[in-house]
Novice: 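Attaching a single structure in structure tokens format; questions to follow.
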Amino acid sequence: MGIRLPTWVWIGAVALSCVAGMVNVVGFLGFEHQAVSHMTGSTSQLGMALAQGDWRAVGHLWGLLIAFSLGAMLSGLLIQDSALQLGRRYGVALALESALLLAAIPLFKQQQIWGALSAAMACGLQNAMATTFSGAVIRTSHLSGMFTDLGIGLGHLLRGLPLQVRRLTLSGLIISGFLAGGVMGAWLFLRWQYDALLAPALLTGATGLVYVLYQQWVRWRY
């Protein structure tokens, strides 16, 4: 990557990966034991449910896939581009994500699948909001791409090719943020149960507020 990543990209990517890690752990530890931040495993489970004729699971899993996609669609409506750029409505998107996570709490407590659907929609919204910046692929709700980038970088290093340090550093930070979020999410769930989602909801709301303030500071400065 030839362009230096702005500070807000680094902070935002790590904060949002931490959020996704927390939300996903709550989904796993909840009554459905279902991942909500990425859809690869859910699609595989859907295939198994279809083969086994488990129509209740089929309905739930289709719902998760649709909810995640609707969240991404909402992000597309709000931001209207796949590349990160200061000035777009990320603050609004983060506020909506925070609201979806807050809405999931009482639904989870009532053991309704709508809690998982609300959380999955929040993750889809978040993941579509952060996609690329200066050639770096940024995915904050799942890690397959990040581990792939790390592997490619190591392969280039062994071949003596130029190492894309910033891209690999970003991947490492997103992985670390997701892992830290998982640890925090599990710790909070053991103590607060579904109220653990208050933490990622507040974090997304706070990140959105910081983004808006940073945007206003940049406008004032220039």
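Note that these values count all heavy atoms, side chains included, but never hydrogens, waters or copies made by symmetry.
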Novice: Donor-acceptor pair, distance only, cut-off 3.5 Å: does the side chain of S37 make one with the backbone of C123?
Specialist: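 No.
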Novice: Can you confirm whether L209 sits close enough to L213 that some side-chain heavy atom of one is under 4.5 Å from a side-chain heavy atom of the other?
Specialist: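 Yes, their side chains come closer than 4.5 Å.
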Novice: Run the salt bridge (Lys or Arg N to Asp or Glu O under 4.0 Å) test against D54 and tell me which residues pass, sequence neighbours left out.
Specialist: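 D54 satisfies salt bridge (Lys or Arg N to Asp or Glu O under 4.0 Å) with no other residue.
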Novice: Determine the minimum heavy-atom distance between S171 and D149, stating which atoms define it.
Specialist: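 Minimum heavy-atom contact is OG-CB, 3.5 Å.
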Novice: Side-chain atoms of residues 101-112: list all donor-acceptor pairs with protein atoms under 3.5 Å, sequence neighbours left out, distances to 0.1 Å.
Specialist:
from: K109; atom 1: NZ; to: D195; atom 2: OD1; distance (Å): 2.8
from: K109; atom 1: NZ; to: D195; atom 2: OD2; distance (Å): 3.3
from: Q110; atom 1: OE1; to: Q112; atom 2: NE2; distance (Å): 2.7

Novice: Per the salt bridge (charged side-chain N to carboxylate O under 4.0 Å, His left out) rule, what does the pair list look like for residues 113-125, sequence neighbours excluded?
Specialist: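 Not a single pair qualifies under salt bridge (charged side-chain N to carboxylate O under 4.0 Å, His left out).
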Novice: Got Q126 and L94 here, is their nearest side-chain heavy-atom distance under 4.5 Å?
Specialist: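 A side-chain contact under 4.5 Å is absent here.
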Novice: Output yes when a side-chain donor or acceptor of S69 lies under 3.5 Å from a complementary backbone atom of L65, and no otherwise.
Specialist: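 A pair under 3.5 Å: yes.
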Novice: Mind checking what makes side-chain hydrogen bond (donor to acceptor under 3.5 Å, both in side chains) contact with Q45, not counting sequence neighbours?
Specialist: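 Q45: side-chain hydrogen bond (donor to acceptor under 3.5 Å, both in side chains) contacts with Q34.
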Novice: Any pair with a residue in residues 28-78 that passes ring pair (Phe, Tyr, Trp, His ring centres under 6.0 Å), sequence neighbours left out, goes on the list, sorted by first then second residue, please.
Specialist: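 Those involving residues 28-78 do not exist here.
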Novice: Do L16 and N127 have side-chain heavy atoms sitting under 4.5 Å apart?
Specialist: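 A side-chain contact under 4.5 Å is absent here.
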Novice: What pairs meet the salt bridge (charged side-chain N to carboxylate O under 4.0 Å, His left out) rule with one or both residues in residues 8-25, with sequence neighbours excluded?
Specialist: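 Sorted result for residues 8-25: empty, none.
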Novice: With a 4.5 Å cut-off on side-chain heavy-atom distances among I, L, V, M, F, W and Y, is there a chain of contacts connecting L117 to L197?
Specialist: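 Yes; L197 is reachable from L117 via cluster members.
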Novice: Per the salt bridge (charged side-chain N to carboxylate O under 4.0 Å, His left out) rule, what does the pair list look like for residues 18-45, sequence neighbours excluded?
Specialist: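 Of all non-adjacent pairs touching residues 18-45, those that pass salt bridge (charged side-chain N to carboxylate O under 4.0 Å, His left out) are E32-R56.
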Novice: Could you note down all residue pairs passing salt bridge (charged side-chain N to carboxylate O under 4.0 Å, His left out) where residues 38-53 supplies at least one of them, sequence neighbours left out?
Specialist: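 Every candidate salt bridge (charged side-chain N to carboxylate O under 4.0 Å, His left out) pair involving residues 38-53 fails, so no pair, neighbours aside, qualifies.
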Novice: Is the backbone of V36 close enough, under 3.5 Å, to the side chain of N24 for a donor and an acceptor to pair up by distance?
Specialist: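 Looks like yes, one N/O pair under 3.5 Å.
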Novice: Taking only distance into account, with no hydrogens and no angle test, what donor-acceptor pairs under 3.5 Å do side-chain atoms of residues 200-208 form with protein atoms, sequence neighbours excluded?
Specialist:
from: T204; atom 1: OG1; to: P200; atom 2: O; distance (Å): 3.0
from: T204; atom 1: OG1; to: A201; atom 2: O; distance (Å): 2.8
from: T207; atom 1: OG1; to: L203; atom 2: O; distance (Å): 2.7

Novice: Indicate yes or no: at least one non-hydrogen side-chain atom of V14 is less than 4.5 angstrom from one of I174.
Specialist: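 No; the side chains remain at least 4.5 Å from each other.
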Novice: Among residues at least two apart in sequence or on other chains, which ones pass side-chain contact (heavy atoms from CB on, under 4.5 Å) with I11?
Specialist: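 Only T7 meet the side-chain contact (heavy atoms from CB on, under 4.5 Å) criterion with I11.
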Novice: Considering all heavy atoms of both residues, which atom of A196 and which atom of V26 are nearest to each other, and what is their separation?
Specialist: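 Of all heavy-atom pairs spanning A196 and V26, the closest is CB-CG2, 4.1 Å.
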Novice: Is it true that L125 and L64 fall in one hydrophobic cluster, defined by side-chain heavy atoms closer than 4.5 Å?
Specialist: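 Each belongs to a different hydrophobic cluster.
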Novice: Sequence neighbours excluded and cut-off under 3.5 Å, please list the side-chain donor-acceptor pairs for residues 178-193, or say none.
Specialist:
from: R191; atom 1: NH1; to: W187; atom 2: O; distance (Å): 2.9
from: Q193; atom 1: NE2; to: F189; atom 2: O; distance (Å): 3.1

Novice: Quick check on the hydrophobic clustering: are L168 and L143 connected, directly or via other members, by side-chain heavy-atom contacts under 4.5 Å?
Specialist: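 Looking at the clustering, L143 is in the same group as L168.
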Novice: If the condition is salt bridge (Lys or Arg N to Asp or Glu O under 4.0 Å), which residues does R159 pass it with, not counting sequence neighbours?
Specialist: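 Salt bridge (Lys or Arg N to Asp or Glu O under 4.0 Å) list for R159, sorted by chain: empty.
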